[in-house]
Participant: 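Sharing a structure here in structure tokens format.
Letters A, B, ... mirror the listed sequences (proteins, then strands); counts begin at 1.
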Amino acid sequence: MPVAASAIYFLNLRGDVLINRTYRDDVGGNMVDAFRTHIMQTKELGNCPVRQIGGCSFVYMRISNVYIVIVVSSNANVACGFKFVVEAVALFKSYFGGAFDEDAIRNNFVLIYELLDEIMDFGYPQNLSPEILKLYITQEGVRSPFSSKPKDKPVPNATLQVTGAVGWRREGLAYKKNEVFLDIVESVNLLMSSKGNVLRCDVTGKVLMKCFLSGMPDLKLGLNDKIGLEKESEMKSRPAKSGKTIELDDVTFHQCVNLTRFNSEKTVSFVPPDGEFELMKYRITEGVNLPFRVLPTIKELGRTRMEVNVKVKSVFGAKMFALGVVVKIPVPKQTAKTNFQVTTGRAKYNPSIDCLVWKIRKFPGQTESTLSAEIELISTMGEKKSWTRPPIQMEFQVPMFTASGLRVRFLKVQRFDFYTLDSTILSKIQCRVFKSLCN
Amino acid sequence: MAPPAASQRYPSPSQPSGKSEVSDLKTQLRQLAGSRAPGVDDSKRDLYKKVISYMTIGIDVSSVFGEMVMCSATSDIVLKKMCYLYVGNYAKGNPDLSLLTINFLQRDCKDEDPMIRGLALRSLCSLRVPNLVEYLVGPLGSGLKDNNSYVRTIAVTGVLKLYHISPSTCIDADFPPTLKSLMLHDSDAQVVANCLSALQEIWSLEASHSEEACREKESLLSKPVIYYFLNRIKDFNEWAQCLILELAVKYVPSDSNDIFDIMNLLEDRLQHANGAVVLATVKVFLQLTLSMTDVHQQVYERIKSPLLTLVSSGSPEQSYAILSHLHLLVVRAPFIFAADYKHFYCQYNEPSYVKKLKLEMLTAVANESNTYEIVTELCEYAANVDIAIARESIRAVGKIALQQYDVNAIVDRLLQFLEMEKDYVTAETLVLVKDLLRKYPQWSHDCISVVGSISSKNIQEPKGKAALIWMLGEYAQDMSDAPYILENLIENWEEEHSAEVRLHLLTAAMKCFFKRAPETQKALGIALAAGVADFHQDVHDRALFYYRVLQYDVHVAERVVSPPKQAVSVFADTQSSEIKDRIFDEFNSLSVIYQKPSYMFTDKEHRGPFEFSDELGNISITPEASSDIVPAQQYEANDKDLLLGIDEKDDNKGLSSNNGSAYSAPSLENSSNITSQMQELAISGPATSATTPQSSFGFDDLLGLGLSTAPAPTPTPPLLKLNPRAALDPGAFQQKWRQLPLSLTQECSVNPQGIAALTVPQSLIRHMQSHSIHCIASGGQSPNFKFFFFAQKESEPSNYLAECIINTSSAKAQIKVKADEQSTSQAFTTVFETALSKFGMP
């Protein structure tokens, strides 16, 4: 049995059961007590997300203020279990409209019971696609068809769809305005030496899409990645255009992407789900282009004072600009008072995350700006606890710029059967940088 | 639905038991039951919601069962669902009442709306009341033939549920063949997937007592079926794909073309966004290519980057699951991942369980080319705020040092740690320095000069203190003030709470005494006196023993306590390769996460705190062990040492190569190993002379893996001569076991002496080894033991493989033999049986 979950529990932080669903009889009802006493009330909680107690294994995850616990009695597939939880939460979120927390569960428990029934039967995951489930499980509840004539019923159609071949998209969608949005979000992990040399840098990126298209469109996405371009020029038997190509270390795709076609032709073609989804994920380690340089200097002046200087330099083209730049500069826990000056933007000390948060709305290319702060610390009686300088974090969006240099060359809609595309908007491309510093 | 007032009825656990509320509900429901007024459904919904919310928070609302059922005559689908949920929850406890529900559920099963048909069928099957199964067969049968796929998917799972309630009803109704034909012919992917999971479960449960089910189970793995699934794998959703891939793992390909066909079919699955699908594909690839060494290597290269991508995306829990698998692969083939070591660097915001795994992986991939960088990175972590991680990274540095030949730079680093002056860093480092010195005594000069300057007052942790004391004793001649430090420590004997430290003090005082008698004599006297008066049994015994052996003859005492040291050349592996292979076979399951094979945590007898009870069981049968000492040592054994690590069975290799001096090494008290305890006891107990035979006994006992150290001369077997030094690695064994046909199955009885001797598997393994039959894997606990043996012909490399299951309560052994040469398998079986029959005879 690859995965046969015996039960699933939703607990709040105190360990009260919000909802539970037992799929199989092979675990006792007191399992949740075991979880509470052996995991929640001990230090084990943060230690390992998979634990075994008395013959049952608990696979658990914390999402906002809720613990989701899957109980299995056999040698189950853990990766599948976690993925199931993640997908289920995504499904709930799409039903509740964004938030998933204790209150959302309490207010929607009947709905969650309905969903839990559908997404797993006897411990085997069934269909978790929100698109399909929303057809026949609605928050309003589908009114009984008895009152209406059988012909008007949308329900049989929906149930057929549950198991259809294109499980992620339903048929018969129609939009007045057909739109596609595409975002590239990259998270850069960077380690710099104190002299400013880049020691390590890698990028994990996601291509996020939002589709509002009628019918069953077939989309094709062209990126400036190396393999794709080479293959294309090979197929068209003409030399590849010169220009920057990106070598992707590895890619994974949403289930809608035709993987066979990707393997043979190296093109990303797919029938998109309706609404928002993550089309692909990729990883790049070479040739990463950093939009900013951050040069911090931190001086500890005796026991109770510190001086922090952070200089941020934008190194992208002068015509471009970054939006919503947020720099989070960590400071010690015992910070008492802060004084700072910034050349642009605003800064604030946020004690709950022990950071100076510096926000700059618009940051043009080829400029620099600095923050200098003086920090007073509470003098502690005991020996000064060493402060391991955590990394500086930076978040920003640079339209039409990615750290990896990945660009969308084209996005084609193949099947123009019965509509024309109104707009293909390549919206913002955002970048998120985690900056880690060597002292 | 979600009526606006929902929050008012917010259930809170602080509510009273809810008795009055429940009876309130009861009357309200009763009023509504007969009503046909418009809007009655809405009020029913509110009431139902209340009932369900009480049910959720654990208030017993089973008393309204009757009313709920009465109200269920509705056309509102949400109401129906709530009712189904309620009924499913309480039917088991109220079998009589659930009879009431059968009627309306059966009616709903014939509803014109497929949705209702499906839901009713699901609820009907979820009642789980044995005496109602007769009502299930009809609706299930028609459900399987329903023209709506939604109903069929539910019916298929329903069959499985029925099987779990009453296997005979399910079989008698001929459901499995129906499922099989559905599986092969249905147009709907989810129906097919559910058929597959149901059939796999039913047939593997049936297989134990039905030949036919066994055949059917095999037929699922036949080439046409496998290809039927693999060719249309894209039609299935991600979960069903996992199921199919798991099935494909068990398929035995006919030839190498077959293997490549499957790999080509599945290659694109490695790009799937669902980590579970990728892992399942990886498993298929790895298992298929086990026999083809170079392709297997290529597979590693191919799967590397998808796995690394999965690790870096998704929640920490998901990356943990993937990392655990990557960890297994890294440990199996470190050289393939050696260049990717940077991927295993810890990131600041990762949870500690991920960091811990990454540290282990860094340790595993360290080789000559990347050691410097890895150690530099690890040293950064040593200053980490998370103390547990800091400790782990220091240990990792130590492990790398023990693996490498060029330890020069690492020793410097370690010594730098000592200058950080953090209590836990110093303690961990001291333990490591001690371990290093045991392996590389040539570094003693560098280390001793630094260690000597550490004041023992600054070390609080017993392990660190013990390590320091060990070094003081061991290198007393190099440290000018060693006797005085020891004297100081001995004077504070009363304040020393850890028995481990006190034991080491005794031994160190002894060693110091042999080297610098005049300076130590006084201190030793105090130590022995304090030791004999100690309330701790071990300390008392050791002090007494030292005292008596000194009385007997000082030179003998020196030979016993402080013989010339030998460097430890081989350190214990963390796990035996047999266990590792088993975990590898169970790739993509909990085994990998727990790092132990599934039988260890799913079998009933292994459940719970099995390690502890296991050991106690062993202890009771060892004649040398006096039981009043052992629990104390057990207690000490909690904290494990690096050298004798996480490992349970194999560490005696390290010990015995260290031979005489091993018992005084600090690590010993930490070992949870039974034989080392025996050694210890043999020395510290009155039976001193037994040292040598004891340790060689332990050596034998623990090897137990069929290594070619079989000491006893081979008695000439009749007919067939076996090679006493046969060797076969576990991978090859597995491969063969899977490929070779079963040539012989035999049952024989085991003599009572044999049964009596078979308290631990090792006893039989040793016995069989003396007959040139080597054990490759063993497991189980009384009364069931399972062994895998192999043997080789004396003259040619022809192998015999045997599986032997011994049940000690019935005194029967079941033997399955597979052989390269079928013709001689009978002869081998005879040899095997003869050997087995001699088991337990003096």
Side-chain angles (χ1 to χ4, degrees), chain A residues 1-2 16 19 46-50 52 54-55 57 61 74-80 82-83 86 106-107 109-110 113-114 121-122 124-125 127 136 139-142 144-146 150 155-156 159-160 162-163 165 167 200 204 249-255 259-260 263 281 283 388 390-391 436, chain B residues 1-2 6 13 49 52 56 75-78 81-82 85 113-115 148-150 153 157 160-161 188-190 197 201 235 237-239 242-243 246 268 271 273-276 279 305-306 309 312-313 315 317-318 320-322 342 348 353 383-385 588-591 593 598 601-602 607-608:
Chain A
M1 275 175 273
D16 301 330
I19 277 192
N47 274 0
C48 181
V50 186
Q52 190 198 11
S57 292
M61 239 176 159
S74 53
N75 189 16
N77 181 335
V78 189
C80 214
F82 281 127
K83 184 74 184 170
V86 171
R106 286 199 195 271
N107 293 333
F109 69 94
V110 177
Y113 271 127
E114 278 183 47
D121 201 359
F122 210 49
Y124 292 107
N127 199 324
Y136 63 101
Q139 220 149 0
E140 291 76 42
V142 178
S144 165
F146 278 118
V155 181
T159 49
L160 265 180
V162 175
T163 49
R200 188 166 84 228
T204 340
D249 280 17
D250 188 55
V251 216
T252 57
F253 293 107
H254 186 267
Q255 56 165 339
L259 293 173
T260 326
N263 270 6
K281 263 187 263 187
R283 200 161 47 81
T388 55
S436 190
Chain B
M1 136 188 81
K49 270 184 93 169
I52 304 272
T56 306
S75 53
D76 185 342
I77 198 160
V78 174
K81 279 187 190 166
M82 284 198 267
L85 181 70
D113 183 350
M115 189 84 200
N148 189 294
S149 55
Y150 180 74
T153 46
T157 321
L160 181 58
K161 289 176 188 165
D188 189 279
Q190 191 63 50
S197 48
E201 234 185 290
D235 301 342
N237 69 22
E238 43 199 322
W239 318 107
C242 295
L243 198 68
E246 202 58 41
D268 54 13
Q271 237 106 38
N274 187 332
L279 274 185
S305 83
T309 308
S312 63
S313 55
S315 66
E317 287 88 356
Q318 282 174 288
Y320 174 72
I322 309 281
K342 281 191 177 168
Y348 180 76
Y353 50 81
N384 201 304
V385 262
N588 201 12
S589 72
L590 280 169
S591 317
I593 307 277
S598 62
F601 59 90
T602 51
R607 283 184 178 180

Participant: Quick one: CG on B/L279 to NZ on A/K83, what's the gap to the nearest 0.5 Å?
Facilitator: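 Between atom CG of B/L279 and atom NZ of A/K83 there are 12.0 Å.
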
Participant: Using non-hydrogen atoms only, which part of B/I52 is less than 4.5 Å away from chain A: side chain, backbone, both, or neither?
Facilitator: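 Both parts, backbone and side chain.
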
Participant: First locate atom CG of A/N77, then atom CG of B/L590, and finally report the distance between them rounded to the nearest 0.5 Å.
Facilitator: 8.5 Å

Participant: Please give me the minimum heavy-atom distance between B/Q271 and A/V251, naming the atom from each residue.
Facilitator: CG-O, 3.0 Å

Participant: At what distance, to the nearest 0.5 angstrom, does CG of B/N588 lie from SG of A/C80?
Facilitator: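 Output value for this atom pair is 7.5 Å.
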
Participant: Hey, are the side chains of B/S197 and A/F122 touching, using non-hydrogen atoms and a 4.5 Å cut-off?
Facilitator: no

Participant: Let me confirm one number: the CZ-CE distance from A/F109 to B/M82, rounded to the nearest 0.5 Å.
Facilitator: 8.0 Å

Participant: If you measure from CG on B/L85 to OH on A/Y113, what distance do you get to the nearest 0.5 Å?
Facilitator: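 Here the interatomic distance stands at 6.0 Å.
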
Participant: Taking only residues two or more places apart in sequence or in another chain, which ones pass ring-ring contact (aromatic ring centres under 6.0 Å, His included) with A/F82?
Facilitator: none

Participant: Please determine, by modelled atom types, if A/N75 and B/S589 share a side-chain donor-acceptor pair under 3.5 angstrom.
Facilitator: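 On atom types as modelled, these side chains qualify, holding a pair under 3.5 Å.
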
Participant: Testing the basics here: between A/M61 and B/S315, what is the closest heavy-atom pair and its distance to 0.1 Å?
Facilitator: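 Closest approach of A/M61 to B/S315: CE-OG, 2.9 Å.
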
Participant: Would you indicate whether the side-chain heavy atoms of B/W239 and A/N127 approach each other to under 4.5 Å?
Facilitator: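 Heavy-atom side-chain distance check fails, nothing below 4.5 Å.
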
Participant: I want to check something: taking the side chain as every heavy atom from C-beta on, are A/V78 and B/Y320 in contact at a cut-off of under 4.5 Å?
Facilitator: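 No, side chains not in contact.
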
Participant: Return yes if some donor-acceptor pair links the side-chain N/O of A/R283 with the main-chain N/O of B/P306 below 3.5 Å, else return no.
Facilitator: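 No, A/R283 side chain to B/P306 backbone: no donor-acceptor pair under 3.5 Å.
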
Participant: Can you name the ring-ring contact (aromatic ring centres under 6.0 Å, His included) partners of A/F253, sequence neighbours left out?
Facilitator: A/F262

Participant: Say you draw a straight line from CG of B/N274 to OG1 of A/T252; how long is it, rounded to the nearest 0.5 Å?
Facilitator: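 Here the rounded value is 10.0 Å.
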
Participant: Given heavy-atom pairs under 4.5 angstrom as the criterion, report whether the side chain, backbone, both or neither of B/K161 touches chain A.
Facilitator: both

Participant: Does any backbone or side-chain atom of A/V50 lie under 4.5 Å from a heavy atom of chain B? Answer side chain, backbone, both or neither.
Facilitator: both

Participant: So for A/T204, is it side chain, backbone, both, or neither that comes closer than 4.5 Å to the heavy atoms of chain B?
Facilitator: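 Just its side chain gets close to chain B.
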
